Engineer: 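This is the structure I have questions about; it appears just below.
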Amino acid sequence: MTNSLPSDSDLRFGPEHAPRANASAAFDILHQKVQRWVYAKGWTRLREAQEKAVEPILAGGRDVIIAAATASGKTEAAWLPICSALLFGAEHRRDQVPGVKALYISPLKALINDQYMRLTGLCEDLDLPVHRWHGDVASSQKSRVVRNPDGILLITPESVESLFVNHGSSLATLFGGLQYIVVDELHSFIGTERGAQLQSLLHRIELVVRRRVPRIALSATLGDFSTAADFLRPRKGAEVERIKAVDGDVEIKLVLKGYKCAEPSRATNTATGSDAAAPRDDESSEYDKAAIAAHLFQTLRGTDNLIFANTRRDVEIYTDLLNRLCAEARVATEFFAHHGNLSKEIREHVEGRLKDGSSPASAVCTSTLEMGIDIGSVDSIAQIRAPASVAGLRQRLGRSGRRDGKSAILRIYVSEPELTNSTPPVDLLRAETFQSAAIVEMLLQGRYEHPYVGELHLSTLIQQILSVIAQHGGADAQQLYGALCGHGPFAQVDRYTFTALLRAMGQHDLLTQDGRGMLLPGIHGERVINHYTFYTAFQTPVEYRLVSNGQTIGSVPVDQSILPGALLIFAGRRWKILNVDDRQKVIDLTQAGAGRPPKFFGGGGEVADEVRRTMRALYSSDVVPRYLDNGAQDLFIEGRSAFQRQGHAHSMIFGWGGDVLLFPWRGDRIMNTIAVVLASRDLEVGLDGLALTVHRTRPDDLHRLVARLAGESKPTAEALAAVADGKARDKYDGYLSDELLDRAYAARAFDIDGAWDTLTMIASSPPRAVDAEL
DNA sequence: GACCTGCTGCGGGATG
């Protein structure tokens, strides 16, 4: 099966192109030394992103976003003109302002190390020093930069934060000559706490140097340029120059494979999020996993692949199954686990095996290998269970098929419960199969989810208030509001909310006020600021280090099953726990013959509105996608016939036993809003994938209630948030008053308009009983 | 039934 997907792999330098780089207008305006470097590289022409980016960046006045797929030369698209501009500037200006000339901000230390190597090569001949600054860089190198700032500085957002806190008075010198800020992997920041921190840091740098500094952003292919532009330059997104490498066609070979498992692995979460069912550990019932592992082993052995699983637990389970198949076949293992809880050494070893072409290797991984260092191209991508988002799947697919015009290969494995006469109606719909197909359809059409950017980010605002106070040794409320809110990065926070936030911070002793009204850190605030964990905007769980023979192999969160003598599967191997040191937070392991996968904790995933709507369209259509194998086709046809039999074309409310099922066919934010609305009317509501389960009511009663709600005026999101539970999520949410926490939660978790549209639709559709259909 | 990311300054002792 073949489909085409936008890519830019056709932009390749070939011998058929004569070395006529100087025929390019963009090449002509680069500095001569940069031209020489391009020539020495053997490049015969600039690639599309580079050709388009040189002029606007070199001109110097504008913000620019460069969106292109991995390995399309977008890094050079930024650095060739930036380095040229810095060289021209150095030649034409006699009174050189000291300081860093270009700042490169990256979400990953590994990317900084990669870029450092590449840029050093370019800048060697240009007389431009390159420095790096992140947690693994020696403090001696950092103090050298502070003493003698110059050239290009590669840094993480957290390390920029540390500059504000610890070197507040040196910043004017450090950044006085700053001409460009480059943000790499922009898409990874949009809509996150870390993104709010980055926006604040960019703004605060401009406040220090008292002028606008052009922002150059690099990103993976973007579905939504406007959101990205508004993120890069808030409220002035329309003025951002947008550069997109026009994508050529690359062939995708695609198959969706369907399997059946014995036990329905369903977990029901109530609206209050309290009673999640425990997942089963019983391996004997998991013959779908064995079948999937057997197919992976048979198909992928001897080649290089990335096998994406959605959870770290599944990474461990599948790596173990694949290793056992290798042992049975008496071959050396070539399947390696890779996820965020494995030690840096183990992860680097796996990355090394993938890069090394001499022996085949496949990584079973989470999103750790979606972004980041260049591991080269692999032969194929496997995705175990439904992908969570279109953008993520696109990014994963970009890792395959870049070798000399080869096709990208994608295999998706889904698994649905075997049908019995007690199978619940939701399981009859085969939601995992339809979610996978919906995401593939959107991918093939080039439709991506819109990132959600409506949050207040009050937790990160607390961090930034403390950071500004540390930077200046104190600040008054007016200055803080002007620097951070007002026309600043937290413009969505009004004066009333800001004042309430300062009051809440005072109540927790984060802040105190001196006689002249100056805000200073309180005793607790001082402790928070001075601890090294202050620089991150995101929350991190407490974990225990796993040690074997003195070597750290990774870390796990603590739970009751972590006791001496217990068995564990980790890093694709089997272990027995020897000792647990609660004070040092260290677990000693020894190799064992059996084990069980560890539990990891995590928040809930969120399915986008566009994905759910596409799923419904697939159920309603009569087309069966051609990329389904026989197993997936069976599941697809079962799901569609259940959709028709249960009457989803006309109804959205269904009686089932003593409960009622409600199908909004909308994204998780709307489903959560409806769940909380119903819970506020004293109903017990569970979120269950596609459906809301409303307990102890009848279809007619619920339908009447929904019709009444749809006719009433909408509540405010804040009023609705007051009745929700489990609202604290972000790092400093614990310091918020009830009122502020409600506001933060309302902005994050609700879509009142979407929910009321849906309630109106439900009110106009007849309720039904499905019991008879089973 | 989720994934990922990141982190200072200082003092004391050894070494060249």
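Everything numeric here is computed off the predicted structure, so don't read it as measured data. Chain A is the first sequence line, chain B the second, and so forth, proteins listed ahead of strands; every chain is numbered from 1.
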Engineer: In whole angstroms, how far is the C1' atom of B:dG6 from the CE atom of A:Met371?
Structural biologist: 12 Å

Engineer: Can you tell me how far C1' of B:dC4 sits from CD of A:Gln197, to the nearest Å?
Structural biologist: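 Atom-to-atom, A:Gln197 to B:dC4, this comes out as 15 Å.
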
Engineer: Find the distance A:Tyr535:OH to B:dT5:C1' and express it as a whole number of Å.
Structural biologist: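 Checked: the OH to C1' distance equals 18 Å.
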
Engineer: B:dC7, B:dG1, B:dC4: which one has an atom nearest the side-chain heavy atoms of A:Thr533?
Structural biologist: B:dC7

Engineer: Report the distance from atom NZ of A:Lys109 to atom P of B:dT5, rounded to the nearest whole Å.
Structural biologist: 9 Å

Engineer: Could you check whether A:Tyr287 and A:Glu418, counting side-chain N and O atoms only, form a donor-acceptor pair closer than 3.5 Å?
Structural biologist: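 Distance-only check passes for A:Glu418 and A:Tyr287.
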
Engineer: Taking the side chain of A:Thr368 as its heavy atoms from C-beta onward, which of B:dT5, B:dT8, B:dG9 lies nearest to it?
Structural biologist: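 Closest of the options to the side chain of A:Thr368: B:dT5.
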
Engineer: Can you tell which of B:dG6, B:dC4, B:dT8 lies closest to the side chain of A:Asn166?
Structural biologist: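 Per side-chain heavy atoms of A:Asn166, the pick is B:dT8.
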
Engineer: Rounded to whole Å, how long is the line connecting atom NZ of A:Lys731 with atom P of B:dC7?
Structural biologist: 12 Å

Engineer: Within 45° of the axis and under 6.0 Å from the centre of the six-membered ring of A:Phe164, does NZ or CZ of A:Arg204 qualify?
Structural biologist: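 The answer is yes, since A:Arg204 meets both limits relative to A:Phe164.
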
Engineer: Out of curiosity, A:Arg399 CZ to A:Met371 CE, how far, rounded to the nearest 0.5 Å?
Structural biologist: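 The CE atom of A:Met371 is 9.5 Å from CZ of A:Arg399, to the nearest 0.5 Å.
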
Engineer: Between A:Phe335 and A:Tyr318 (judged by ring centroids, cut-off 6.0 Å), do the two rings come close enough to count as a pair?
Structural biologist: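 No, the ring of A:Phe335 stays outside the 6.0 Å limit from the ring of A:Tyr318, centre to centre.
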
Engineer: If every non-hydrogen atom of A:Lys585 is compared with every non-hydrogen atom of A:Val542, which pair is closest and at what distance?
Structural biologist: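 So the minimum-distance heavy-atom pair works out to CE-CG1, 3.3 Å.
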
Engineer: Under 4.0 Å between a side-chain N/O of A:Arg312 and OP1 or OP2 of B:dC4, yes or no?
Structural biologist: yes

Engineer: For a quick check of understanding: with a heavy-atom distance under 4.0 Å over all strands, which category does A:Phe538 fall into, base, sugar-phosphate or nothing?
Structural biologist: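 Since a base atom lies under 4.0 Å of A:Phe538, the category is base.
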
Engineer: Report yes or no: is the cationic atom of A:Arg669 (NZ for Lys, CZ for Arg) under 6.0 Å from the centre of the six-membered ring of A:Tyr452, at an angle within 45° of the ring normal?
Structural biologist: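 Flagged: A:Arg669 positioned over aromatic ring of A:Tyr452.
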
Engineer: Which nucleotide in the set B:dC7, B:dT5, B:dA2 lies at the smallest distance from any side-chain heavy atom of A:Thr311?
Structural biologist: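 Nearest to the side chain of A:Thr311 among the choices is B:dA2.
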
Engineer: Tell me: NZ of A:Lys344 to P of B:dC7, nearest whole Å?
Structural biologist: 11 Å

Engineer: Indicate whether OP1 or OP2 belonging to B:dC4 is found under 4.0 Å from a side-chain N or O atom of A:Thr366.
Structural biologist: yes

Engineer: Under a 3.5 Å threshold, yes or no: a donor from one side chain and an acceptor from the other, between A:His134 and A:Asn113?
Structural biologist: yes

Engineer: Got a salt bridge between A:Asp733 and A:Arg729, using NZ or NE/NH1/NH2 to carboxylate O under 4.0 Å?
Structural biologist: no

Engineer: With the threshold set at under 4.0 Å for non-hydrogen atoms, list the residues of residues 130-149 of chain A touching DNA chain B in residue-number order.
Structural biologist: A:His134, A:Gly135, A:Lys142

Engineer: Atom CD of A:Gln395 and atom P of B:dC4: how far apart are they, to the nearest Å?
Structural biologist: 15 Å

Engineer: Using a cut-off of less than 4.0 Å, is there contact between a side-chain N or O of A:Arg347 and OP1 or OP2 of B:dT5?
Structural biologist: yes

Engineer: Kindly say if A:Ser188 contacts the phosphate of B:dT5, meaning a side-chain N or O under 4.0 Å from OP1 or OP2.
Structural biologist: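 Negative; the distance criterion is not met.
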
Engineer: For A:His338 and for A:His167, locate the closest nucleotide of DNA chain B by heavy-atom distance; then report the residue assigned to the nucleotide nearer the 5' terminus.
Structural biologist: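 First, find each residue's nearest nucleotide; the 5'-ward one identifies A:His338.
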
Engineer: Could you tell me how far apart A:Phe534 (CZ) and B:dT5 (P) are, to the nearest whole angstrom?
Structural biologist: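 Rounding to the nearest Å, CZ of A:Phe534 and P of B:dT5 are 22 Å apart.
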
Engineer: So what does A:Gly392 touch, heavy atoms closer than 4.0 Å: a base, only the sugar-phosphate, or nothing?
Structural biologist: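 Since no nucleic acid heavy atom lies under 4.0 Å of A:Gly392, the category is nothing.
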
Engineer: Please work out if A:His339 contacts a base, only the sugar-phosphate, or nothing of the nucleic acid, heavy-atom cut-off 4.0 Å.
Structural biologist: sugar-phosphate

Engineer: So which one's nearest nucleotide on DNA chain B is more toward 5', A:Ser106 or A:Asn310?
Structural biologist: A:Asn310

